[in-house]
A.B. asks: 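Here it is, the structure, as structure tokens.
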Amino acid sequence: MNYLQYPVLFESSESDFTTQGIGVLTDCLSVEVTNEFNELPELKLDYLATGDIANELVKDRIIMADVGEGYLKQLFRIDSVKKSIDNEIEVTASHILNDLSYNTLKQNINASAVTPVAAFNLLKNQLEQPEPKLKMISSITGTTNISWDMTKIDNAKKALGGADGSLLQQFKGEYLFDNYTVHYERTIGNKTGKVIEYGKDLVQANQEENIEETYSAIKPFTKVGSGDDEKIVYLPERIIKTNSNFEKLRVLTKDFSQDKIETVDQLRTRTNKYITDNKVGIPKVSLTFEIADIKDDLGFVDELKMGDEVTVYFANLNIDTTARVIKTVWDGLLHRYKAVLIGDKPTTTSDYQSEQNSQIDNVDKSVAEVSKDVSDLKASDKDKQQLMDELKKNVNDTRDDMLSYINGSGRDVIRFLPDRENPTDIVASESGGNYGMRWNSKGIYYDGKGTVAIDNRGNVYADNFVGQNITGVYIRGGEISGVTISGDTDISLGSGSTRTSVTRYGISTPNMTVYQIDGLKRMDVSQYADIGGANLWGDGSGKLYIGPYNNFSNSVRVVTEAM
């Protein structure tokens, strides 16, 4: 492999990288390049402050360095240059494609049935700062519609991943960034066929923790009915075992009530599917190989590339599973990995943001179809506004009364204890007593018609607290009252299977969801609705029945069926 012996420094506007540029950084003390799945690599370099071209290390200039096996001569733009106290210069730099983070769109981009390459070319042609070297290579032939709003895609990198509608979100592919070329495939890396035996080749605390969280059996249940008629359904065999070989049974109790399961057969089928879908019984792999950990028979670790797949064998459990390279740290001076992390395909920052935006967007669309936002009622709620105005007035009046009361001069005698020359306490009290106000290094205390205390441990107490705003992470109390109780996400009562949630679009309980309280638009009920003694229920086919629950002979079918 033709590795760079040392990184090379270039001017910020350089386009020819076949030369030695400004110079070769031979006085590097360390070179470390971190590369994570679906993310741009990052460079950290320590350079001797008295080195030959130390003064040439300037922000925005370009450093060429290797990233890993088969991932050579990548370009990094310098983000920061700092001098440390031990005669070293610390340099951090981002991959050249991070320039897209500072580039914007000239106008909105909308297109139908486009491939990743076609969408990327539309992006490239609409950049405010042209980047003619940019190109995408992809074998993905599927198409999608794109709608990139320049006010939301406020930097071009978000179109690749990190925003709603990005290519990462639309195609669920995997990236490899090669200077100005973006490789975008369904899967990157190769199936190597290499095997790592856990417990022999490597033992690590983090993997032990993952094994501890692995279950070998599921104990499923579901709740049927509601109120006094509610009952819990278990399997006759109680548990379903996985194929794992733990010495002691590790049982996970799983509630499938939300799946609206009512029979034992349905519960058994759902449990088996859950075991398969979630690989229950197979430890989640998370192994980090440090240089010092790699033995002779694990020399292949230095040959791994991002996305490569290996097999991990757990001999004591008689289980083998696959894992992929998801992070590497390359030592640019030793020309080998400093660390390699293998595990499940991670949820990157870009993935998370795109998924989060997508979920928010889907909720908003769903709400728009079935309900009027409850918050719309605020504008017309005059009574609530009047109560709020009265409350504000009461707060202001209380503040003014307190200031007037204090400014009216005190009547108690102020004394210094034990004496005026070396006091440890200041007290103010009637008739020379030690009660009333006390102030010392531990805090301030007053005990009169009301009690107030502030101590040096960070505690504040007052019989009555009046103010304009209270901000905190947690507020606990026996009773909370006011004009409005609001939350950005929801207000919840109870927890788990008994949780009732009030959100901006309605009310949700374990067995019922109501959309738009103001003029009921939709109500989902998992069992049946009891209205004036008459039961309304459906059989799952879209037909509506009136009459005793689950009694066809005494029920009336409504002719209207689901659209």
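We number each residue from 1, following the sequence as shown.
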A.B. asks: Would T181 and D178 count as having a side-chain donor-acceptor pair, cut-off 3.5 Å?
C.D. replies: no

A.B. asks: Just so I know, are the side chains of L127 and L100 near enough to count as touching, which here means a heavy-atom distance under 4.5 Å?
C.D. replies: yes

A.B. asks: When you compare the side chain of L48 with that of E88, does any pair of heavy atoms fall below 4.5 Å?
C.D. replies: no

A.B. asks: Under 3.5 Å, side chain of Y313 to main-chain N/O of V195, donor-acceptor pair present?
C.D. replies: no

A.B. asks: Between atom CG of L4 and atom CE of M64, what is the distance when rounded to the nearest 0.5 Å?
C.D. replies: 6.5 Å

A.B. asks: If every non-hydrogen atom of A54 is compared with every non-hydrogen atom of A49, which pair is closest and at what distance?
C.D. replies: CB-O, 3.4 Å

A.B. asks: Between atom CG of D79 and atom CD of E42, what is the distance when rounded to the nearest 0.5 Å?
C.D. replies: 8.0 Å

A.B. asks: Just how far is it from atom CD1 of I218 to atom CG of L252, taken to the nearest 0.5 Å?
C.D. replies: 4.0 Å

A.B. asks: Between N179 and K73, is there a donor-acceptor pair closer than 3.5 Å when you use the side chain of the first and the backbone of the second?
C.D. replies: yes

A.B. asks: Is the shortest distance from a Lys or Arg side-chain nitrogen in K152 or D164 to a carboxylate oxygen in the other one below 4.0 Å?
C.D. replies: no

A.B. asks: Tell me, which pairs form a side-chain hydrogen bond (donor to acceptor under 3.5 Å, both in side chains) where one or both residues lie in residues 114-143, sequence neighbours left out?
C.D. replies: S139-E185

A.B. asks: When rounded to the nearest 0.5 angstrom, what distance separates CG in N103 from CG in D154?
C.D. replies: 12.0 Å

A.B. asks: Look only at the side chain of E39 and the backbone of F37, and say whether a donor-acceptor pair between them is shorter than 3.5 Å.
C.D. replies: no

A.B. asks: Once rounded to the nearest 0.5 Å, what's the spacing between atom OH of Y47 and atom CG of L29?
C.D. replies: 9.0 Å

A.B. asks: May I ask you to decide if the ring planes of W330 and Y3 are parallel, tilted or perpendicular, using 30° and 60° as cut-offs?
C.D. replies: tilted

A.B. asks: If you measure only the distance, is there a donor-acceptor pair under 3.5 Å linking the side chains of N190 and T192?
C.D. replies: no

A.B. asks: According to ring-ring contact (aromatic ring centres under 6.0 Å, His included), does anything in residues 83-132 pair up with another residue at least two apart or in another chain? List the pairs.
C.D. replies: F76-H95

A.B. asks: Looking at side-chain heavy atoms only, is the closest gap between K254 and T271 below 4.5 Å?
C.D. replies: no

A.B. asks: Are L25 and I53 packed together at the side-chain level, in the sense that at least one heavy-atom pair is separated by less than 4.5 angstrom?
C.D. replies: yes

A.B. asks: What I'd like to find out is whether the side chain of N108 reaches to under 4.5 Å of the side chain of W148, using heavy atoms alone.
C.D. replies: no

A.B. asks: Evaluate the side-chain proximity of F17 to I62: yes if any heavy-atom separation is below 4.5 Å, no if none is.
C.D. replies: yes

A.B. asks: Any chance CG of N55 has more than 12 other-residue heavy atoms, nucleotides or ligands included, within less than 6.0 Å?
C.D. replies: no

A.B. asks: Under 4.5 Å between any side-chain heavy atoms of L168 and Y184, yes or no?
C.D. replies: yes

A.B. asks: Would you indicate whether the side-chain heavy atoms of Y71 and L176 approach each other to under 4.5 Å?
C.D. replies: yes

A.B. asks: Would you call R61 and E11 a salt bridge, taking side-chain N to carboxylate O under 4.0 Å as the test?
C.D. replies: yes

A.B. asks: Quiz question: by atom type and distance under 3.5 Å, do the side chains of D46 and S30 form a donor-acceptor pair?
C.D. replies: yes

